[in-house]
2 protein chains.
Amino acid sequence: MTVFFSKKCEYGLQAVLFMAARDEECVCPAEEISKKLNIPKEFISKILQSLTESGIIESKKGKFGGFKLAKHPSKIKLIDIVEAIDGLDSFNSCVLGFPNCSPDKPCPVHDQWGALRTKAYEMLSSETIDKFKEKTLNKIKI
Amino acid sequence: MTVFFSKKCEYGLQAVLFMAARDEECVCPAEEISKKLNIPKEFISKILQSLTESGIIESKKGKFGGFKLAKHPSKIKLIDIVEAIDGLDSFNSCVLGFPNCSPDKPCPVHDQWGALRTKAYEMLSSETIDKFKEKTLNKIKI
DNA sequence: TCTAAATCAGATTATTTTGTCTGATTAAAG
DNA sequence: CTTTAATCAGACAAAATAATCTGATTTAGA
């Protein structure tokens with residue numbers, strides 16, 4: 001079905017961008033994220049849990065608990081979120097599924113695809129999420 | 001898991017490149033493709049069937065039957081195979097999974113991602129598979 | 001005409017991904 | 001100390017994708 005990020009990763013990216021667009025210190029219950037972004041509550045909870053383990057966000061338990069960014073938005077890159085959820089394998093493995101695809105033994109589209117993938121990686125790792133605050137606010141009503 | 005093409009699509013691309021690298025007129029039984037490319041026979045058969053329906057390859061039934069390209073390799077583009085198997089939705093839908101992502105209502109990474117995706121599309125639709133013959137031969141022993 | 005070797009077709013199974021349910025734990029506030 | 005509202009945790013269910021099995025049909029050649 002040709003997808004780039006898994007659903008989990010899409011939701012994780014959405015959620016972190018959402019949190020970055022709000023007041024930094026304010027904790028955000030999973031339920032609120034679920035409603036604002038139309039993601040099943042239990043599912044986003046699981047994703048937020050794993051992002052907590054990765055140190056990208058942190059959780060506050062109990063009443064008035066929730067999630068918030070663990071670092072300043074200018075310290076969080078998109079690729080950090082992708083890595084935490086989907087991993088970086090796809091940036092290293094062959095797009096056609098051939099084994100041992102490498103510069104020595106390139107698959108037919110090795111060079112062309114490699115260049116594109118590198119660009120994608122660079123984009124995801126150059127941009128920090130504070131840059132997206134405005135655009136996120138345009139897209140999601142907080 | 002961050003993947004670009006589905007397994008089906010990867011296998012379909014591999015198979016078509018394989019056929020293009022052989023003598024054009026020679027029909028290729030599914031079993032041979034399965035063995036050379038290490039793809040489960042019944043699975044690649046199904047994929048080849050759907051590529052036959054799409055008119056990219058054609059099948060010859062019965063003894064000494066098999067599959068071969070329906071057109072000259074210079075007339076088949078990578079994107080044709082992707083379209084036949086995975087469809088082109090991913091080139092039009094939001095990479096972050098936001099609904100109604102468009103230039104009017106762009107998602108946070110709309111511009112950056114759009115540019116990359118366009119490049120990917122251009123690559124897949126500019127290159128015809130005859131260009132890959134040599135590289136395929138290097139990768140797969142026929 | 002018969003047999004072997006292939007595609008074709010549909011049902012079934014397995015695995016992965018996505019999503020749901022239930023209950024325990026934690027912490028704030030009356 | 002009790003209630004309430006949240007995370008945490010693990011089992012469970014559903015859906016999508018990947019793979020397998022079985023048998024029918026087709027066709028070349030003896």
Side-chain angles (χ1 to χ4, degrees), chain A residues 1-15 19 26-70 82 85-87 89-90 96-97, chain B residues 1-15 19 26-70 82 84-87 89-90 93 96-97:
Chain A
M1 186 187 268
T2 313
V3 80
F4 201 80
F5 301 124
S6 68
K7 226 64 183 130
K8 263 186 191 164
C9 195
E10 284 181 7
Y11 290 159
L13 287 162
Q14 287 192 19
M19 286 187 269
C26 147
V27 291
C28 206
E31 172 129 37
E32 184 186 348
I33 298 181
S34 155
K35 278 186 181 159
K36 286 279 168 54
L37 301 174
N38 269 301
I39 304 172
K41 184 188 157 193
E42 307 300 331
F43 198 37
I44 192 64
S45 292
K46 282 258 184 283
I47 296 165
L48 292 169
Q49 257 172 261
S50 76
L51 287 172
T52 303
E53 278 170 38
S54 311
I56 293 169
I57 61 179
E58 52 193 28
S59 77
K60 183 163 180 274
K61 293 186 191 174
K63 196 171 180 181
F64 300 114
F67 298 87
K68 66 182 205 104
L69 300 185
V82 174
I85 301 178
D86 276 351
D89 284 0
S90 66
L96 296 184
Chain B
M1 185 182 270
T2 313
V3 79
F4 204 81
F5 301 125
S6 68
K7 226 65 182 129
K8 262 186 192 165
C9 195
E10 284 181 6
Y11 290 160
L13 286 162
Q14 287 191 20
M19 286 187 270
C26 148
V27 291
C28 208
E31 172 129 36
E32 184 186 349
I33 298 180
S34 156
K35 279 185 181 161
K36 285 280 166 57
L37 300 174
N38 270 302
I39 304 172
K41 185 188 157 195
E42 307 299 333
F43 198 38
I44 192 63
S45 293
K46 281 262 182 283
I47 297 166
L48 292 169
Q49 258 172 261
S50 75
L51 286 172
T52 304
E53 278 169 39
S54 312
I56 293 168
I57 60 179
E58 52 191 29
S59 75
K60 184 163 180 273
K61 294 185 190 175
K63 195 171 180 180
F64 299 115
F67 298 87
K68 67 183 202 99
L69 300 185
V82 174
I85 300 178
D86 275 351
D89 283 0
S90 66
S93 52
L96 295 184

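These numbers come from a predicted model, not from an experiment. Naming convention: chains lettered A, B, ... in sequence-line order (proteins, then strands); numbering from 1 in each chain.
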Enquirer: Rounding to an integer number of Å, can you tell me how far I33(A) CD1 sits from dG19(C) P?
Expert: 16 Å
Enquirer: What's the shortest heavy-atom distance between L48(A) and A15(A), and which atoms?
Expert: CD2-CB, 4.1 Å
Enquirer: Counting only side-chain N and O atoms of Y11(B), is one of them less than 4.0 Å from OP1 or OP2 of dA19(D)?
Expert: yes
Enquirer: Is K35(B) paired with E31(B) through a side-chain N to carboxylate O contact shorter than 4.0 Å?
Expert: yes
Enquirer: Checking M19(A) against L51(A) for the side-chain contact (heavy atoms from CB on, under 4.5 Å) test, could you report, in this order, the C-alpha distance in whole Å, the side-chain angles of both residues, the deciding distance, and whether it holds?
Expert: CA-CA 13 Å; M19(A) 286 187 269; L51(A) 287 172; 5.7 Å; no
Enquirer: In plain terms, say whether E10(B) and K7(B) are close enough for a salt bridge, that is, a side-chain N and a carboxylate O under 4.0 Å apart.
Expert: yes
Enquirer: Under the side chain to side chain donor-acceptor pair (under 3.5 Å) rule, what pairs show up with a residue in residues 51-68 of chain A, not counting sequence neighbours?
Expert: E25(A)-K68(A)
Enquirer: Rounded to the Å, how far apart are K7(B) NZ and dT17(D) C1'?
Expert: 12 Å
Enquirer: Hey, does L37(A) have a side-chain heavy atom less than 4.5 Å from the side chain of I44(A)?
Expert: no
Enquirer: Do you know which two heavy atoms are closest between A30(B) and S45(B), and how far apart they sit?
Expert: CB-OG, 3.6 Å
Enquirer: Atom CZ of F5(A) to atom P of dT17(C): distance rounded to whole Å?
Expert: 16 Å
Enquirer: Which parts of residues 40-58 of chain A get close to DNA chain D, meaning a heavy atom less than 4.0 angstrom away?
Expert: K46(A), Q49(A)
Enquirer: Treating primed atoms plus P, OP1 and OP2 as sugar-phosphate and everything else as base, which nucleotides of nucleotides 24-30 of chain C get B, S or - for protein heavy atoms under 4.0 Å?
Expert: --BBBS-
Enquirer: What are the two closest heavy atoms between C28(A) and I33(A), and how far apart are they?
Expert: SG-CG1, 3.8 Å
Enquirer: What is the separation between atom NZ on K35(A) and atom P on dA5(D), rounded to the nearest whole Å?
Expert: 12 Å
Enquirer: Whole Å only: how far is the CD1 atom of I85(B) from the C1' atom of dT17(D)?
Expert: 14 Å
Enquirer: Can you tell me if the side-chain N/O atoms of S59(A) get under 4.0 Å from OP1 or OP2 in dC8(D)?
Expert: yes
